[in-house]
Amino acid sequence: MSFTGGILTMSNPEKMYGKNKNIPESLYKIRHSLAHIMAEAVLERFPEARPTIGPPIDNGFYYDFSVPQAFTPEDLEAITKRMREIVRKHVDFGRREVSEAEARALFKDNAFKLELIDGLTRGEDDMGEKADGAAAPIISLYTQDGFTDLCRGPHVDNTRQIHPDSFTLSASSAAYWRGNEKNPVLQRIYGLAFKTPQELADYQKMQEEAKRRDHRKLGAELEIFIFDDEVGPGLPLWLPNGAVMIEQLEGLAKKMELDAGYDRVRSPHLTKQDLFVRSGHLPYYAESMFPPMELDEGVKYYVKPMNCPFHHKLFAARKRSYRELPVRFAEYGTCYRYEQSGELFGLMRVRSMQMNDAHIYCSEEQFESEFMGVVDLYLKYFKIFGIDKYVMRLSKHAKEGLGKKYVDNEAMWVKTEDMVRRAMISGNVPFVEAENEAAFYGPKIDVQIYSAIGKEFSLATNQVDFAVPARFDLTFIDRDGQEKTPLCLHRAPLGTHERFIGFLIEHYAGTFPVWLAPTQAMIIPIADRHVDFARQVERRLLAAGLRARVDDSPDRMQNKIRKAQGHKIPYMLVVGDKEAEADAVSLRLRTGEDLKAVGVNAFIARAKDVVERYAPEL
RNA sequence: GCCGAUGUAGCUCAAUGGUAGAGCAACCGAUUUGUAAUCGGUAGGUUACGGGUUCAACUCCCGUCGUCGGCUCCA
């Protein structure tokens, strides 16, 4: 799979398999067959284990087993070894179709397989979802080396098609049966598998490199943020470098939003329970909210998980005419969400977050242009940051969630999802669609990105709200004199400071563009006698709005350069006798390029130009 | 929240039941240096926290908290 300009492209003519249809058939067969071989090896070692499902996935495969004990690293090692032996035996994979009764007899001791058979007879796939175009149920078995599994296939014909050193078992963990936390816990073993040992080695090397750009590691090294046990999990503290970055992002957002016709508003962190009852956060969103604090009078207050109810109140502050629509209220509001402890992940998933939030109130006729205006804003930002590996996703409701996760009004869901789909198509913006990913009040376009270690996150979001304006009795007087309910768009093109900066750290691997770099220029005096001139240069840079510092430590120049390189500071300005004499600096870029002496004023002009253009180059 | 792993100095890591160490960073001193590590010294830990076993616990056991890898969930 590759990404080009945000569009998923595939050029392989081979038939594609997998959840995202991104695994070529030959590789899919290898991975799928290895999953079976792993099950065989696991069963040999743990005869009491019950295999459940074991699909191929990106980069490999997994298999979930019902076993009393978790697998240990020693188990994985032994299982890997055994798998290689089986592969080297060059055993055949044979397919056989059986009747439902025969299948049930064969798997009578495995409740999970029996449940799968139940599903097959109803035309469902492994995950209990209805398979596309399922006709008469076919129950097929695959057997290799005397081990038989219920499986749709396909598989390799013989294990000689698998290189014994092109796979390895990578991890074990728990997983719920059919991904539902109310179901029994299973033990999953993950494997990596490719066509050749070289591809496996390349993948493993890539993962090692990805770890180096992990924002948790770089964020500490570059002194951007910390977490502290005594403060609490998921509550980041921003060091001065991080605070500078936040201010730069906010500055950019304010400028862009001013240009796009937004007004800035502000709202408190706390509110009475009543507001969230009205908004529908209680109960739709209650489990993601911090528990309430109760005041003497018995009034409950909640910290806000979202800013929208406040903006709705601001919209309702006076009667609105169709003439002033669309109304666009923007706020970098700090929200608090009680995320499950196991879900916290560095800056990418936190419990306190500052959102690049805004709410647009508009009429239905204005919807498309407003919605696409927001998408345009995304694209402008992404261009500035050079973000091109993302997928836009139309996140839709799921029927079974109506009244629970989602506002219970199916007609409006269908209508608004269609509005979004049409807007995206007419705006010629590529997107994918996903069920059961909507906000509780409406469908949305999410921008999906991947962290360095491959976790998927929504970076930005653009949401339609067809439900809450009515709950707040929001109205405007239309040109016909009638009161009407506006639509509301919730949007956050820069997501939250936390996730966005986490993403940017990984995206740039810490080498931020000059406008975003916490320190833009480090002035490096060669000897103590040059410190005065260095201070003078520093003052001139600061006066020009550049973030400069002098390294007046007793280190040698070489070490000062090394430290500045380590902090990925864009410009290193070495000053010695020659420079002081000529009112110049010796300009070294963090790329290692030495541009020799540049006049101080010339450097200031250059740096200011780069900053003002939000340029990616130095 | 669930399953598993894990927690030693600011950071990276040693110490396998017998007095907690190293490198880097910090601090002090010397050096005054031309594009990725100058030299010497000093200080720094109730081994996450709380219990237990033992003559003796960083080490073994239990609990709590945090972190990591997944699952579930999301900006």
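Chain letters run A, B, ... following the sequence lines, proteins first, then strands; residues in each count from 1.
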Check for me whether the distance between the ring centres of [X] and [Y] falls short of 6.0 Å.
X: A/Y338; Y: A/Y302; result: no
X: A/F385; Y: A/F503; result: no
X: A/F345; Y: A/H215; result: yes

Side-chain donor or acceptor of [X] under 3.5 Å from a matching atom on the base of [N]?
X: A/R556; N: B/rC39; value: no
X: A/Y176; N: B/rG1; value: yes
X: A/R588; N: B/rA36; value: yes

Distance, rounded to the nearest Å, where [X] contributes [atom1] and [N] contributes [atom2]:
X: A/M557; N: B/rU33; atom1: CE; atom2: P; value: 11 Å
X: A/M289; N: B/rC74; atom1: CE; atom2: P; value: 16 Å
X: A/D555; N: B/rG29; atom1: CG; atom2: P; value: 15 Å
X: A/H530; N: B/rG34; atom1: NE2; atom2: C1'; value: 10 Å
X: A/D64; N: B/rG70; atom1: CG; atom2: P; value: 15 Å
X: A/Q463; N: B/rA75; atom1: CD; atom2: C1'; value: 9 Å
X: A/Q340; N: B/rC3; atom1: CD; atom2: P; value: 13 Å
X: A/F457; N: B/rC74; atom1: CZ; atom2: C1'; value: 9 Å

Within a 6.0 Å radius of atom CD on A/E617, are there more than 12 heavy atoms belonging to other residues, nucleotides or ligands?
yes
Minimum-distance nucleotide to [X] side chain [options: [options]]:
X: A/R562; options: B/rC2, B/rA37, B/rG69; answer: B/rA37
X: A/S173; options: B/rG66, B/rG70, B/rC74; answer: B/rG70
X: A/P233; options: B/rU31, B/rU32, B/rU67; answer: B/rU67

For B/rG1, give the paired nucleotide (Watson-Crick: N1-N3 plus N6-O4 or O6-N4; G-U: N1-O2 and O6-N3; both under 3.5 Å), or none.
B/rC71
Taking any strand in view, what nucleotide pairs with B/rA20 in a Watson-Crick or G-U wobble way, both distances under 3.5 Å?
none
Same-atom distance ([atom1]) from [N] to [M], integer angstrom:
N: B/rC65; M: B/rG50; atom1: P; result: 15 Å
N: B/rG41; M: B/rU53; atom1: P; result: 46 Å
N: B/rC24; M: B/rC61; atom1: C1'; result: 36 Å

Please tell me if the side chains of A/Y190 and A/S173 come closer than 4.5 Å, counting only heavy atoms from C-beta onward.
yes
